[in-house]
Colleague: 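Structure below; questions to follow.
Predicted, not measured: the structure shown is a model, and the values here were computed from it.
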Amino acid sequence: MSKTMASTPTVTPPQRDPADVAPAESYRPSDPVWVYRDGWRAGVIEASSPRAVTVTYRPGGNLGTGVDTFTAPYVTSRFDSDPALDQRGLRLVRRHPLNRGPLA
């Protein structure tokens with residue numbers, strides 16, 4: 001089966017079919033994901049390893065974010081848009097740190 005999830009997951013990590021759990025190392029930075037922390041939360045991958053992923057996620061209903069490490073059963077791909085997280089990733093990609101502008 002695919003690691004993709006079209007909307008907020010409805011099962012908790014212990015209820016997930018192991019065949020539906022993608023390996024942690026299959027995720028890449030900026031991948032949009034759902035993470036399980038007192039319910040499924042929108043997040044974005046920061047880093048991955050064979051054992052876990054580091055994710056910036058929205059821990060509640062506000063625009064604040066948290067960063068934490070999750071093992072594979074607690075993560076799944078996300079296609080739903082989250083403007084606070086997804087736009088953040090676009091801004092990071094579009095930065096030009098070496099272009100100092102007219103004040104350089």
Side-chain angles (χ1 to χ4, degrees):
M1 286 208 163
S2 168
K3 73 175 183 177
T4 59
M5 184 69 64
S7 61
T8 307
T10 57
V11 298
T12 63
Q15 296 171 319
R16 291 182 70 192
D17 180 349
D20 290 337
V21 177
E25 64 192 355
S26 69
Y27 294 99
R28 299 290 175 251
S30 299
D31 282 353
V33 294
W34 292 107
V35 295
Y36 193 84
R37 176 60 57 116
D38 297 324
W40 290 101
R41 313 291 184 190
V44 175
I45 298 289
E46 298 294 336
S48 64
S49 75
R51 295 170 50 114
V53 296
T54 302
V55 179
T56 296
Y57 68 103
R58 294 187 51 202
N62 56 27
L63 294 179
T65 58
V67 177
D68 211 340
T69 302
F70 298 88
T71 56
Y74 291 80
V75 181
T76 190
S77 292
R78 169 177 60 87
F79 286 105
D80 293 353
S81 177
D82 187 296
L85 292 169
D86 300 338
Q87 295 301 319
R88 177 188 157 272
L90 290 174
R91 283 194 304 271
L92 290 175
V93 170
R94 292 182 182 159
R95 289 185 340 147
H96 298 287
L98 297 178
N99 181 359
R100 299 181 191 188
L103 300 175

Colleague: Looking at Y27 and V75, what are the two nearest heavy atoms and their distance?
Modeller: OH-O, 3.5 Å
Colleague: Heavy atoms only: give me the nearest A22-A72 pair and the separation to one decimal.
Modeller: O-CB, 3.3 Å
Colleague: Taking only residues two or more places apart in sequence, or in another chain, which ones meet P59 in a side chain to side chain contact (heavy atoms under 4.5 Å, CB included)?
Modeller: Y57
Colleague: For T12, what residues pass the side chain to side chain donor-acceptor pair (under 3.5 Å) criterion, not counting sequence neighbours?
Modeller: Q15
Colleague: Please list all pairs passing the salt bridge (Lys or Arg N to Asp or Glu O under 4.0 Å) test where one or both residues lie in residues 57-66, with sequence neighbours left out.
Modeller: R58-D82
Colleague: Crowded around Y36 OH? As in, over 12 foreign heavy atoms under 6.0 Å?
Modeller: yes
Colleague: Sorted by first residue and then second, give each salt bridge (Lys or Arg N to Asp or Glu O under 4.0 Å) pair with at least one member in residues 32-45; sequence neighbours left out.
Modeller: R37-D68
Colleague: Calculate, to the nearest 0.5 Å, the distance between atoms CG and CD belonging to D31 and E46 respectively.
Modeller: 11.0 Å
Colleague: Where do S48 and A24 come nearest, in terms of heavy atoms and distance?
Modeller: CB-O, 3.4 Å
Colleague: Please name the pair of heavy atoms, one in T76 and one in W40, separated by the smallest distance, quoted to 0.1 Å.
Modeller: CG2-CZ3, 4.3 Å
Colleague: Which atoms form the tightest heavy-atom contact between A52 and T69, and what is the distance?
Modeller: CB-CG2, 3.6 Å
Colleague: Of all residues at least two apart in sequence or in a different chain, which pass the side chain to side chain contact (heavy atoms under 4.5 Å, CB included) check with P73?
Modeller: P13, V21, T71
Colleague: Heavy atoms only: give me the nearest V33-V44 pair and the separation to one decimal.
Modeller: CG2-N, 4.1 Å
Colleague: State, with a plain yes or no, whether a side-chain heavy atom of F70 is found less than 4.5 Å away from one of V53.
Modeller: yes
Colleague: For R51, what residues pass the side chain to side chain donor-acceptor pair (under 3.5 Å) criterion, not counting sequence neighbours?
Modeller: none
